[in-house]
Amino acid sequence: MTDKKVALITGVTGQDGAYLAEFLLKKGYEVHGIKRRASSFNTDRIDHLYQDPHVNNRDFVLHYGDLTDSTNLTRIVQKVQPDEIYNLAAQSHVAVSFEEPEYTANADGIGALRLLEAIRLLGLGKKTRFYQASTSELYGLVQEIPQKETTPFYPRSPYAVAKLYAYWITVNYREAYGIYACNGVLFNHESPLRGETFVTRKITRAIARIALGLQDCLYLGNMSALRDWGHARDYVQMQWLMLQQQQAEDFVIATGVQYSVRDFVRMSAERLGITVRFEGEGEAEVGIVDTVTGDKAKCKPGQVIVRVDPRYYRPTEVETLLGDPTKAKEKLGWTPTTTLPELVAEMIDADYITARRDAMVSMAGFQTFSHHE
Ligand code: NDP
Ligand code: GDR
């Protein structure tokens, strides 16, 4: 028996899972995480937290599991007897959800139900608190600007529709069974740990590689999309705080500031001394290097470093998201600590180091590989 609080994190190998696990361990929790079986190692983001399974009294333990497997989830919940469950696991890529709608519904929608049912059937309704990773994508075709807790939802992708189910089943289990269950409606949050195919990381990785001459051009979809981007490290603290309240409630977490994808490209390039000018419209739009200052970038004025590729357009797009975090400010004491320029700087600096390593490997005659998804 331990007197430590016990947390179970699904999606522990993802961006938020890694930050949350580190945060909870620092708070003195015993942390259990669910990872998927994969044919190669998939624990890069949490390898620094790893503890040898042969050591007694570990406070960080991983279990194999999958949100599509009820018996597996129920067995893990029974074994771990968690005080808190953070359901962060999801097929979280909006564009991919159009390719895999049924799987996305299963994992992202029914997955939440499976965990709530495990809490209920195991008689843990009074003990275990439940956090559901809800999303600003629920607002989709926005009905109000800015979006807050009372703004009506209008999901625009199979991902968002699956998350809509998860949102409401969380509310329902709170109301029907008195389970402490809540939704964090989080707006986009990024970091150097962000998956490489989300637009921010795709941009910082590519700009760093272009600056070092490892890649010529970056292909993007809708550069006019507007997002409210915060830092994942800040946002996971709010996930924890939501489970420490007297009463379970749902909260919007956002910065209240909005930028376009184009702004994100411009800021990333400027960090490395490259000024980009955008010309044209829609599919014909390109980003051209205007000037280069400093010694970080090898590209030349006139070089086209951004092109539009319609393959990255979505069948239905979420054009604009801007959150109103007033409730979180008042009840959770939330103040976003990272501005977008600071976030961009942290991400591009990290990717520049990786790109420099790749450049050295390449100069030594070895091949490096980069995906362009
Ligand atoms: P990531 O994509 O980085 O991580 C998702 C995690 O879920 C990974 O650990 C992944 O495992 C795991 N996973 C995927 N499918 C399954 C499955 N079937 N069973 C078990 N595990 C699975 O997402 P983020 O960390 O960025 O986001 C965390 C959560 O918050 C997600 O639910 C996302 O939808 C939601 N969200 C994210 C926002 C953001 O801006 N980041 C904003 C609002 C909500 P593996 O590593 O093996 O792929
Ligand atoms: P999003 O994030 O869909 O908001 O979902 P993403 O970074 O994928 O897209 C943001 C916006 O950028 C536009 N875009 C591109 N997106 C990608 N991925 N690749 C491109 O090449 C590209 N070009 C333009 C997109 O069309 C979109 O408008 C993220 C995920 O983390 C979800 O899990 C989470 O719920 C929401 O944020 C809040």
Side-chain angles (χ1 to χ4, degrees), residues 9-21 33-38 40-46 63-69 72-73 86-97 100 103-104 106-108 110-112 114-115 131-140 155-157 159-160 162-163 166 183-191 193-203 206 218-232 235-236 239 252-254 260-262 264-265 306 308-314 316-321 323 372-373:
I9 304 174
T10 74
V12 73
T13 56
Q15 171 189 253
D16 288 14
Y19 280 109
L20 182 66
I34 296 184
K35 68 167 178 175
R36 296 196 285 182
R37 193 269 157 183
S40 50
F41 290 125
N42 60 354
T43 52
D44 277 14
R45 294 186 179 101
I46 48 169
H63 307 261
Y64 281 110
D66 200 296
L67 278 196
T68 60
D69 183 341
N72 156 270
L73 293 174
Y86 296 87
N87 183 30
L88 308 185
Q91 189 302 94
S92 71
H93 203 285
V94 173
V96 173
S97 79
E100 299 182 1
Y103 170 71
T104 304
N106 192 356
D108 300 13
I110 310 295
R114 293 186 177 104
L115 287 164
Y131 172 85
Q132 170 58 25
S134 285
T135 165
S136 50
E137 285 293 300
L138 294 172
Y139 300 119
R156 292 269 282 173
S157 62
Y159 166 79
K163 286 280 188 177
N183 288 288
V185 182
L186 270 52
F187 282 61
N188 297 54
H189 45 281
E190 321 292 315
S191 74
L193 298 186
R194 184 60 143 150
E196 291 85 348
T197 61
F198 297 98
V199 79
T200 55
R201 185 78 199 287
K202 180 172 168 180
I203 293 168
L218 160 67
Y219 292 91
L220 291 173
N222 175 17
M223 283 198 270
S224 300
L226 295 161
R227 288 291 182 277
D228 177 331
W229 280 295
H231 199 304
Y235 283 36
V236 299
Q239 299 175 348
V252 161
I253 303 294
S260 67
V261 171
R262 207 175 285 108
F264 201 101
V265 173
V306 182
V308 173
D309 181 344
R311 100 171 57 185
Y312 299 116
Y313 290 165
R314 295 167 182 186
T316 39
E317 172 67 305
V318 173
E319 292 289 349
T320 174
L321 289 172
H372 294 278
E373 273 306 303

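We count ligands from 1, going down the list as the structure has it; atoms in each ligand are counted the same way. Keep in mind that what you see is a predicted model, and the values were worked out from it rather than measured.
The side-chain heavy atoms of Leu186 and Gln239, taken from C-beta on, include a pair separated by under 4.5 Å. The closest side-chain heavy-atom distance from Met223 to Ser260 is not below 4.5 Å. Using a 4.5 Å heavy-atom threshold, the side chains of Thr13 and Ile46 count as touching. Contact annotation: the side chain of His231 approaches that of Tyr19 to within less than 4.5 Å [non-hydrogen atoms, C-beta and beyond]. Looking only at side-chain heavy atoms (C-beta outward), Asp16 and Tyr235 stay at 4.5 Å or farther from each other. Under the 4.5 Å side-chain criterion, counting only non-hydrogen atoms from C-beta, Val318 is not in contact with Tyr139. The shortest side-chain heavy-atom distance between Val199 and Tyr312 does not fall under the 4.5 Å cut-off. Taking the side chain as every heavy atom from C-beta outward, Leu67 and Leu115 approach each other to under 4.5 Å.
Annotation: atom 34 (O) of ligand 1 to nearest protein heavy atom, Tyr159 OH, 2.5 Å. Remark: minimum distance from atom 18 (N) of ligand 1 to any protein heavy atom is reached at Tyr103 OH, 2.7 Å. Nearest to atom 10 (C) of ligand 1 among the protein's heavy atoms is Thr13 OG1, 4.1 Å. For atom 21 (N) of ligand 1, the closest non-hydrogen atom of the protein is Ala89 CB, 3.4 Å. The protein heavy-atom contact nearest to atom 19 (N) of ligand 1 is Leu67 N, 2.9 Å. Nearest protein heavy-atom contact of atom 25 (O) of ligand 1 is Asp16 N, 2.8 Å. Residue, atom and distance of the protein heavy atom nearest to atom 23 (O) of ligand 1 are Ser92 OG, 3.5 Å. The shortest contact between atom 44 (C) of ligand 1 and any protein heavy atom is with Ser134 O, 3.4 Å.
Considering backbone and side-chain N/O atoms, Thr197 comes within less than 3.5 Å of an N/O atom of ligand 2. For ligand 2, the polar-atom distance check against Val199 finds a nitrogen or oxygen pair separated by under 3.5 Å. Considering backbone and side-chain N/O atoms, Leu186 never comes within less than 3.5 Å of an N/O atom of ligand 1. For a threshold of 3.5 Å applied to N or O pairs, the pair formed by Ser136 and ligand 2 contains no separation below that value. Between Gly221 and ligand 2, an N or O atom pair is found at a separation short of 3.5 Å. Inclusion of Gly14 in the set of residues having an N or O under 3.5 Å from an N or O of ligand 1 is warranted.
Separation of atoms CG (Leu321) and OG1 (Thr135) is listed at 8.0 Å; rounding is to 0.5 Å. For the atom pair CG of Leu20 and OH of Tyr131, the computed distance is 9.0 Å after rounding to the nearest 0.5 Å. Taking OG1 of Thr68 as the start and CZ of Arg36 as the end, the distance is 9.0 Å to the nearest 0.5 Å. For the atom pair OG of Ser92 and NZ of Lys163, the computed distance is 7.5 Å after rounding to the nearest 0.5 Å. The CG atom of Asn87 sits 8.5 Å away from the CD1 atom of Ile34 when rounded to the nearest 0.5 Å. The line from OG1 of Thr43 to NZ of Lys35 is 5.5 Å long, rounded to the nearest 0.5 Å.
Residue Tyr235 places every heavy atom at 4.0 Å or more from ligand 1. Residue contacts with ligand 1 include Lys163, since one of its heavy atoms falls under 4.0 Å from the ligand. Within the structure, ligand 2 has His93 among the residues with a heavy atom less than 4.0 angstrom away. Taking 4.0 Å as the cut-off, Leu88 counts as a neighbour of ligand 1 on heavy-atom distance. Not a single heavy atom of Tyr313 sits under 4.0 Å from any atom of ligand 2. Distances from ligand 1 to the non-hydrogen atoms of Ile34 include no value under 4.0 Å.
Using a 4.0 Å cut-off to heavy atoms of Asp66, the atoms of ligand 1 that qualify are 17 (C), 18 (N), 19 (N), 20 (C). With ligand atoms numbered from 1 in the order given, ligand 2 contributes 28 (O) to contacts under 4.0 Å with heavy atoms of Ala225. Listed by number with element, the atoms of ligand 1 under 4.0 angstrom from any heavy atom of Ala90 are 5 (C), 7 (O), 13 (N), 14 (C), 15 (N), 31 (C), 32 (O), 34 (O). Taking every non-hydrogen atom of Thr135 and a distance limit under 4.0 Å, the qualifying atoms of ligand 1 come out as 43 (C), 44 (C). Ligand-side atoms of ligand 2 in range of Val261: 12 (O), range being under 4.0 angstrom from any heavy atom. In summary, the atoms of ligand 2 found under 4.0 Å from a heavy atom of Ser92, numbered by their order in the structure, are 30 (C), 32 (C), 33 (O). Which parts of ligand 1 touch Asn188 is read off a 4.0 Å heavy-atom cut-off, strictly below it: atoms 40 (O). Ligand-side atoms of ligand 1 in range of Asn42: 47 (O), range being under 4.0 angstrom from any heavy atom.
Applying the 6.0 Å contact sphere to OH of Tyr64 captures no more than 12 heavy atoms from other residues, nucleotides or ligands.
Summarising the geometry of Ser136 relative to Asn188, their closest heavy-atom pair is OG-OD1, 3.9 Å, with the distance given to 0.1 Å.
Contact annotation: for Arg194 versus ligand 1, heavy atoms closer than 4.0 Å belong to the side chain alone. Counting heavy atoms closer than 4.0 Å to ligand 1, residue Glu137 contributes nothing at all. At a 4.0 Å heavy-atom cut-off, ligand 1 does not touch Tyr64 at all. Looking at Gln15 against ligand 1, both its backbone and its side chain come within 4.0 Å, counting heavy atoms.
A salt bridge links Arg227 and Glu137; the closest N-O separation between the charged side-chain nitrogens and carboxylate oxygens is under 4.0 Å.
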side-chain hydrogen bond (donor to acceptor under 3.5 Å, both in side chains) between Asn72 and His63, intermediate numbers included: CA-CA 10 Å; Asn72 156 270; His63 307 261; over 6 Å; no
side-chain hydrogen bond (donor to acceptor under 3.5 Å, both in side chains) evaluation trace for Glu319 with Asn222: CA-CA 9 Å; Glu319 292 289 349; Asn222 175 17; 3.1 Å; yes
Evaluation steps, side-chain hydrogen bond (donor to acceptor under 3.5 Å, both in side chains), between Ser224 and Arg262: CA-CA 6 Å; Ser224 300; Arg262 207 175 285 108; 2.9 Å; yes
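Which of His189, Arg36, Arg37, Arg227 comes nearest to atom 40 (O) of ligand 1 through a heavy atom is settled by distance: it is His189. Closest to atom 2 (O) of ligand 2 by heavy atom, among Asn188, Asp309, Ile203, is Asn188. Nearest to atom 31 (O) of ligand 2 by heavy-atom distance, out of His189, Gln15, Arg194, is Arg194. Summarising the contacts of atom 35 (C) of ligand 1 with Ala232, Gly11, Ala133, Ala107, the nearest heavy atom is found in Ala133. With distances taken over non-hydrogen atoms, the option nearest atom 16 (N) of ligand 2 out of Arg227, Arg314, Lys202 is Arg314.
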